[in-house]
Amino acid sequence: MLLLAVLAMASSLATALGIVSSSMEKRVAEEVRKYGANLVIIPESARLDVGSGGLNFGVVSEPSYLQQKQVEEALVKSALKAEVSFHLRGALQLKDADIMVEGVNFSDIRRLFPWWQLKGNWPAAGETIVGSDLASRMKLKVGDIVELAGSNNKIPLRVSGIVASGGEEDGLLFMALPELQRALGLDGQLTLVRLMVTAGGDSLKKSASALQMLLPAAKVNEVRQTARTSEGLLAKVKLLMLMVTAVVLVSAGSSVAGTMSTTVLERGKEIGLMKAMGGTRWEVMLIFCGEAAMLGVLGGLAGYVFGSVIAQFITKTVFSASADFIPWFAGISLGVSLFLALLGSIGPMISVFRLDPVRSLRGE
Amino acid sequence: MVALKLIPHLLSWAGILLVLLRGYSERRSVVMKTSITGFTGGVAGAIILFRTFPETIPFGSIKTALAVSFFLLWVFSVAAVYSSTARRVPISRRGRFVNTSLCAGAVAFLAGMVAGAICTCRFPATASNTLTFIVLVLAAGALAYALVFCVRIIERLLPPSFTVSPSGMLIAVVAFLLFSSSSILRLDLFSPLSMKVMKGIHDFVHQFMESILIPDHLFVRSVVWKYIGILFSKGVGFWGGMVIWFTPAFLIVLAVNFERLPSVAHIRQGAQRRKLLAAAIKARRHRLVIPLLSVVILAAAAYQSSFPSTEYWDPKPIPISANQSGEIIIPKKGEVNLEDGKLHKYLFKQGDREARFFIMVTPEGQLTVDLDACAICKPDGYGQAEGSVICYYCKTLIPLETVGKPGGCNPVPVVFSVKGDNVAINGMTLINTWGSTVQATTRVKEGGK
Amino acid sequence: MAETIIETNGLTRSYGDICALKPLDLQVPEGEWLSVMGHSGSGKSTLMNLVGGLDRPSDGSLRVGGEDLLALSEDGLARFRREFVGIIFQQHHLIPYLTAVENVMMAQYFHSVPDEAEARTALERVGLGHRLKNRPGELSGGEQQRVCIARAIINSPKLLLGDEPTGNLDNKSTIMVMELLKELRAEERFTVIMVTHNQEVAAWGDRTIYLDDGVLVREERMNS
């Protein structure tokens with residue numbers, strides 16, 4: 001009975017994890033796509049390669065800009081429910097080196113990029129935050145004063161924090177948008193607008209095309225970047241699941257082996273009797289193997305049912321979606337259970353094979 | 001190296017020999033002698049046939065022999081089921097005849113002959129070159145001798161309780177022969193069988209629809225059409241073929257399973273009675289092994305026939321366009337040599353319409369241009385194997401000699417002209433021929449008129 | 001003169017240094033009822049196991065029913081046991097979750113094929129026709145031992161071995177079981193070897209041998 005439970009549990013876990021991970025692939029991609037910015041607006045001629053990470057200087061050498069006013073008007077007209085963040089990117093000199101500087105509104109950033117890890121504080125006026133890569137390259141610490149040289153003037157800024165996001169932000173210096181606009185002499189101009197539209201699937205495409213209509217001079221793109229990172233995440237989660245399954249299987253296997261050998265010990269007299277009555281060693285072993293296999297099959301079937309239920313539960317609670325019903329997982333569940341049952345009983349079977357009827361009947 | 005290709009065939013023969021030796025355990029020497037004689041005779045006979053007649057005749061006759069053996073198997077399996085379920089099992093004349101050495105010899109001889117002939121069919125072309133031929137025969141002979149030797153040893157090693165019933169023997173023999181032949185395209189039985197089934201059902205449904213059920217299909221709802229459509233799908237032919245293919249084997253398994261146990265009521269002592277019963281059950285179980293094994297072999301044969309290992313010559317269609325006057329001009333000896341005896345595929349596009357066709361030279365030296373489709377099947381195209389082209393959809397083999405002639409599953413010929421060293425085809429005609437044939441076939445296949 | 005069914009020559013069995021059975025020469029004619037007496041550890045159980053094909057001797061020769069047990073393989077011994085020997089144990093060794101009939105059928109299963117009707121008849125013969133479907137736990141000691149006897153004789157063995165079959169039984173049951181065995185022997189004509197330390201039980205036999213420390217010390221023939 002215990003054996004059956006163990007087998008059922010192991011195979012149900014394998015099934016559940018299998019089903020979850022296979023339905024997760026679709027769900028997670030959809031889920032994650034809802035987070036973070038999902039639309040970007042870039043000027044028509046800019047060859048800004050969204051989502052490819054890293055931005056080389058060549059691309060912005062012939063920059064074209066979005067008019068902040070136009071974008072704001074378009075957003076109002078389109079009546080989209082969206083979080084917006086305006087970006088302007090440009091090169092400034094710091095200690096005779098060109099560095100990329102991005103002008104942003106920090107309050108928007110805090111809403112749209114909740115995953116930024118900030119050492120220090122969000123900046124106040126006259127302050128800046130620096131990407132972690134840049135900071136280490138330029139040997140900047142929180143509290144340092146940096147002096148940026150623009151086209152016509154110099155701006156002293158205090159570093160209030162160092163940001164790490166794992167993305168291209170790590171190589172940038174961030175300052176308030178109006179300040180950068182002034183420094184570069186590009187009042188009211190933007191290089192990029194990020195939007196987080198709270199909608200998924202088709203409606204995202206619709207809002208993109210609606211915005212595009214209103215902004216003929218710009219390009220509205222859907223961002224696949226989040227999907228890509230989520231794929232990486234997914235692979236990791238899958239690996240994790242695989243490892244958990246492996247651990248579960250190994251422990252279940254040893255538990256099966258333990259249970260089987262106690263069963264064989266307990267039933268030693270029975271085995272001895274069978275042998276004394278004239279069962280050959282093979283016949284007796286086959287009987288016990290058959291028993292193990294039967295338990296394996298039962299466990300597998302029960303495991304499939306349980307596993308499906310567990311998978312339903314997991315996907316309901318975690319992804320708030322129903323799991324797919326995948327019939328061929330019954331085969332996997334059955335196979336896992338049978339395999340475990342037989343593998344776990346190899347040792348006990350050998351002892352059944354070897355058992356000496358005289359001694360077992362005497363009760364040794 | 002070529003001799004290695006013979007191994008599956010020789011193994012099949014060895015399998016036949018093994019089963020027959022065990023089946024006629026008292027007439028081992030007869031079986032052994034006749035089987036070897038049959039095999040040699042088969043090889044020699046096939047070689048003579050190949051030398052004196054065109055290839056179609058030996059292939060045809062061997063295929064007929066196979067078909068007859070399969071038919072015999074059917075008859076025998078039904079008889080076996082009947083006799084095993086009948087109340088009284090009279091020892092019929094048949095039963096006695098099966099055990100004579102005459103029958104043993106005949107079966108071994110015939111099986112050996114067909115097996116030998118199949119082996120020869122593997123290399124019909126090599127039979128003309130004397131030197132390679134002799135080497136090949138020697139190599140095959142050595143292999144066969146080694147196999148016979150192995151078979152004798154294996155047969156001795158098998159436990160004596162392992163017996164084969166006559167029906168088990170027959171099914172094993174036929175299964176091995178079919179397995180052996182399934183790898184040779186022109187001897188294969190399974191694909192033609194499933195094709196026949198498909199065509200049979202097809203025709204039947206047509207006749208039924210047209211003559212009996214309704215004069216007008218308007219009454220038939222689309223749902224019904226969907227089901228009728230199933231009858232037209234390729235799966236029907238395949239599964240129907242499967243049923244016919246495996247039924248005799250299962251009948252024989254059933255027959256063995258239903259075999260009556262010996263009457264033990266007269267034995268008074270319980271233990272002895274039970275021992276007899278147990279021995280009988282064990283023997284019956286052993287007799288089941290060969291029919292079950294035959295099922296596996298038959299399955300392997302069907303698999304081999306459905307996914308032949310033969311590589312087809314199937315070039316990628318070359319896109320081609322017409323000149324201003326709407327003519328497609330292809331030089332005979334341009335980038336591709338049209339006269340090398342292989343088929344060359346082209347893809348012609350005009351607007352959104354396209355047509356696939358091929359050009360080849362038949363063995364008689366006749367240049368021919370044909371659509372890569374026939375008037376019956378879906379346009380899955382053709383591939384070329386030795387001596388024939390094959391329709392990928394229905395697996396029908398069309399001898400190269402008849403390519404260029406219309407009808408049946410032959411590729412639809414296209415009108416063309418030879419202008420100097422060029423082949424000229426009218427683009428419009430091509431597109432239209434493609435359109436009319438392919439549209440007609442797809443419409444029929446989608447299950448509706 | 002009946003044929004000899006058991007013939008031993010210098011039969012020895014030692015477990016490591018301990019010699020459970022010193023060289024023993026013994027002949028048992030077919031159909032005899034032999035009682036083996038001796039106190040615990042005298043080697044009587046060892047003798048029985050050897051004769052029953054459950055154990056292999058360390059030395060000497062052992063022929064049972066014309067079969068040289070030393071020459072048999074492990075599986076050959078098992079086959080010998082199933083066809084030739086029936087054993088009755090002191091602790092019965094019935095399988096607790098099977099009914100009486102099923103316990104008997106198990107012996108049939110290992111011998112050849114189970115036959116329920118025959119198993120029922122056998123149980124009826126030992127007077128348990130009314131307790132066919134009871135499990136061993138629901139039977140008294142005497143009844144359990146009778147199931148054991150039915151199981152031991154179901155395959156018509158030539159040799160019936162009893163390892164203190166009455167050791168756990170009260171007087172009345174003992175007599176019943178012994179009567180039953182005597183009756184069955186009269187019908188089936190099997191040879192009986194019975195290990196016991198009860199003088200009265202031994203007295204049911206034709207001949208009694210006394211073992212002490214693995215050595216045959218005394219032999220006594222009963223007058224029936």
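Computation of the quantities below employed the complete heavy-atom set of this structure, encompassing side-chain atoms and omitting hydrogens, waters and symmetry-equivalent molecules. Letters A, B, ... are given to chains in the order of the sequence lines, protein chains preceding strands, and every chain is numbered from 1.
Heavy-atom neighbours of chain C within the stretch residues 275-282 of chain A, taken at a separation under 4.5 angstrom, comprise A:Lys275, A:Ala276, A:Met277, A:Gly278, A:Gly279, A:Thr280, A:Arg281, A:Trp282. Using a 4.5 Å heavy-atom cut-off against chain C, no residue of residues 246-262 of chain A qualifies as contacting.
Inter-residue side-chain proximity for C:Asp55 and C:Arg13 is flagged as met; some heavy-atom pair is nearer than 4.5 Å. In this structure, the side chains of C:Met194 and C:Met178 come closer than 4.5 Å at one or more pairs of heavy atoms. Using a 4.5 Å cut-off on side-chain heavy atoms (C-beta onward), C:Thr12 and C:Cys19 make contact. At a threshold of 4.5 Å between non-hydrogen side-chain atoms, the residues C:Val36 and C:Tyr210 do not count as touching. Using a 4.5 Å cut-off on side-chain heavy atoms (C-beta onward), C:Gln108 and C:Val113 make no contact. Counting heavy atoms from C-beta on, the side chains of C:Leu139 and C:Arg131 come closer than 4.5 Å.
Only the side chain of C:Ile87 comes within contact range of chain A, judged by heavy atoms closer than 4.5 Å.
No side-chain donor-acceptor contact under 3.5 Å links C:Asn49 and C:Thr46. Checked by atom type, the side-chain pair C:His111/C:Glu83 shows no donor-acceptor distance below 3.5 Å.
C:Ile5 is linked by a side chain to side chain contact (heavy atoms under 4.5 Å, CB included) to C:Val28, C:Glu30, C:Phe84, C:Lys158, C:Thr191, counting only residues two or more places apart in sequence or in another chain.
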In a table with atom names and distances, give each donor-acceptor pair under 3.5 Å that connects a side chain of residues 66-80 of chain C to protein atoms at least two apart or in another chain.
residue : atom : partner : partner atom : Å
C:Asp68 : OD1  : C:Leu70 : N            : 3.2
C:Ser73 : OG   : C:Gly76 : N            : 3.0

